[in-house]
Amino acid sequence: MLSHKRKKIPEHVDPDLPIVPMLDMTFQLLAFFIMTFKPAPTEGQIALALPKEEGGGISSPSPIDENKPLEYIVRVEATEDGRIAGMTLMEKDNAAALPQDLKADVQNFSDRLSQISRQLAQQGKTGKLTLEIDDKLVQAYVVQLVDQAIRIGFSDISPVPIDPKKR
Amino acid sequence: MSHGAVSSEKCEPNFVPLLDLVLQLVMFFMLCANFVIEQANVTIELPHAAAAKMLDKGIEYAIYLNVNSEGVVLLAPSDQYTDSQGNVISTLNNPDQVETFLKRRARDDIAAAGPGGEDKPLRSVIILRVHKNCPFEKTYGIMKACRRAGYLRVQLRALLVQPD
């Protein structure tokens, strides 16, 4: 025989979710992340395009081109410990322009390049900057000089060693 | 005098908004946590530059060269390899070794490019993370090695600073 027992309807039960252990764990996680939080300095990039040929190509006499960018050379000498000892600015293919001593002052370098950049803009010309760098100069100063030149407006910058045989 | 009946209801503080807030804080700190890129060596102290641009997230193939203050390239664990004598190579001490390493990678890039891959530009970008005290001679030697291996696209890494 089938039993006709009626199913018991359970009484209403309040669900008891234990929040306190969860809160404990969450606070521990929070404390961990707060203590280990150290915002890292943001890394940036300076894009370089390397020349295809060794030694920057062979310079041969070329016909005078009005649109050819004017090339400026800054020779950077270094101290034994890799700091800037002195800088000299020269203009390539311009025998009349005397080399200018920029001393070991990056501000001088920046001011003189800004002046050149303004002159080039007035003449509607572009400039190329070659940094002839002493082997001993450390990367921090190389990047500082490239950085200054980019900020002034030079887009064609070539850091090369002073000795042409090493290029 | 009438004395009010003592209520038997439980009095519990409401933890839910507090939990919400705390979980949001945990999420914030988790998202801001520095995930160390395996290929970027944390011992390399980079120079500062204001003109450096934000990193290009679209670079799919990159070869990291972490150069220490002595000009030695420290290879990431995933880039380390075993030479013919069975030695694990984890550092590249001179430009010739860098060139050999990069030529091997260039072969992979050419193979991945398919037929006529030799004529196409190599897909990988070289990421140069050079220590701020590394002499220029060493850096330039590595750049020349990149060029000899056929890699012409190079990124120099620096820490971003606000312009003066």
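First the proteins, then the strands, lettered A, B, ... as listed; each starts at 1.
At most 12 heavy atoms of other shown residues, nucleotides or ligands fall within 6.0 angstrom of atom NZ in A/Lys103. Crowding of A/Gln123 atom CD: a count of heavy atoms from other residues, nucleotides or ligands under 6.0 Å exceeding 12. In B/Arg104, the CZ atom is crowded: over 12 heavy atoms of neighbouring residues, nucleotides or ligands sit closer than 6.0 Å.
Tracing side-chain contacts under 4.5 Å through hydrophobic residues (I, L, V, M, F, W, Y), one reaches A/Val106 starting from A/Leu129; they form part of the same cluster. Hydrophobic clustering (ILVMFWY, side-chain heavy atoms < 4.5 Å, transitive): A/Leu120 and A/Ile73 are in distinct clusters. Put simply, B/Val98 and B/Tyr81 are part of the same group of oily side chains (I, L, V, M, F, W, Y) that touch within less than 4.5 Å, one to the next. Using a 4.5 Å cut-off between side-chain heavy atoms of Ile, Leu, Val, Met, Phe, Trp and Tyr, with links allowed through other members, B/Val26 and B/Leu18 fall into the same hydrophobic cluster. Under a hydrophobic clustering in which Ile, Leu, Val, Met, Phe, Trp and Tyr are joined whenever their side-chain heavy atoms come within less than 4.5 Å, directly or via other members, A/Ile157 and A/Leu89 fall into the same cluster.
Taking the side chain as every heavy atom from C-beta outward, B/Arg157 and A/Gln45 approach each other to under 4.5 Å. Contact check for B/Met143 versus A/Leu48: side-chain heavy atoms found under the 4.5 Å cut-off. Side-chain contact check for B/Glu137 versus A/Lys166: some heavy-atom pair is nearer than 4.5 Å. In this structure, B/Val16 and A/Ile19 have side chains that are in contact, with non-hydrogen atoms separated by less than 4.5 Å.
Heavy atoms of A/Leu23 lying under 4.5 Å from chain B belong to its backbone as well as its side chain. Both the backbone and the side chain of B/Leu160 come within less than 4.5 Å of a heavy atom in chain A.
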(request) Show your working on side chain to side chain contact (heavy atoms under 4.5 Å, CB included) between A/Arg167 and B/Tyr140 and close with a plain yes or no. (result) CA-CA 8 Å; A/Arg167 290 176 199 172; B/Tyr140 194 76; 3.9 Å; yes

(request) Please test B/Phe136 against A/Asp134 for side chain to side chain contact (heavy atoms under 4.5 Å, CB included), starting from the C-alpha separation and ending with a verdict. (result) CA-CA 7 Å; B/Phe136 178 69; A/Asp134 194 317; over 6 Å; no

(message) Using the rule given for side chain to side chain contact (heavy atoms under 4.5 Å, CB included), can you reason through A/Gln139 versus B/Lys138, listing the C-alpha separation, both sets of side-chain angles and the distance that settles it, and then say yes or no?
(response) CA-CA 10 Å; A/Gln139 181 71 1; B/Lys138 305 281 185 186; over 6 Å; no

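Listed options B/Val125, B/Leu19, B/Leu46 were ranked by heavy-atom pairs under 4.5 angstrom with chain A; first place goes to B/Leu19. Contacts with chain A were tallied for B/Gly150, B/Pro135, B/Cys146, B/Ser69; B/Pro135 has the most, counting heavy-atom pairs under 4.5 Å. Per-residue heavy-atom pair counts under 4.5 Å with chain B were compared for A/Leu137, A/Asp81, A/Val146, and the maximum is reached by A/Leu137. Ranked by non-hydrogen atom pairs under 4.5 Å with chain B, the options A/Val20, A/Thr42, A/Leu29, A/Ile150 are led by A/Thr42.
Here the closest heavy-atom approach between residue B/Pro47 and residue A/Ala140 is recorded as CB-CA, 3.8 Å. Minimum interatomic distance between A/Gly44 and B/Leu55 (heavy atoms only, all atoms of both residues): C-CD2, 3.9 Å. Nearest heavy atoms, A/Asp147 versus B/Ala52: OD1-N, 4.4 Å.
Considering CG of B/Leu128 and CD1 of A/Ile46, their distance stands at 11.5 Å, rounded to 0.5 Å. Here the CG atom belonging to B/Leu23 is positioned 5.5 Å from the CE atom belonging to A/Met22, to the nearest 0.5 angstrom. Here B/Leu25 contributes atom CG and A/Ile34 contributes atom CD1; the two are 6.5 Å apart, rounded to the nearest 0.5 Å.
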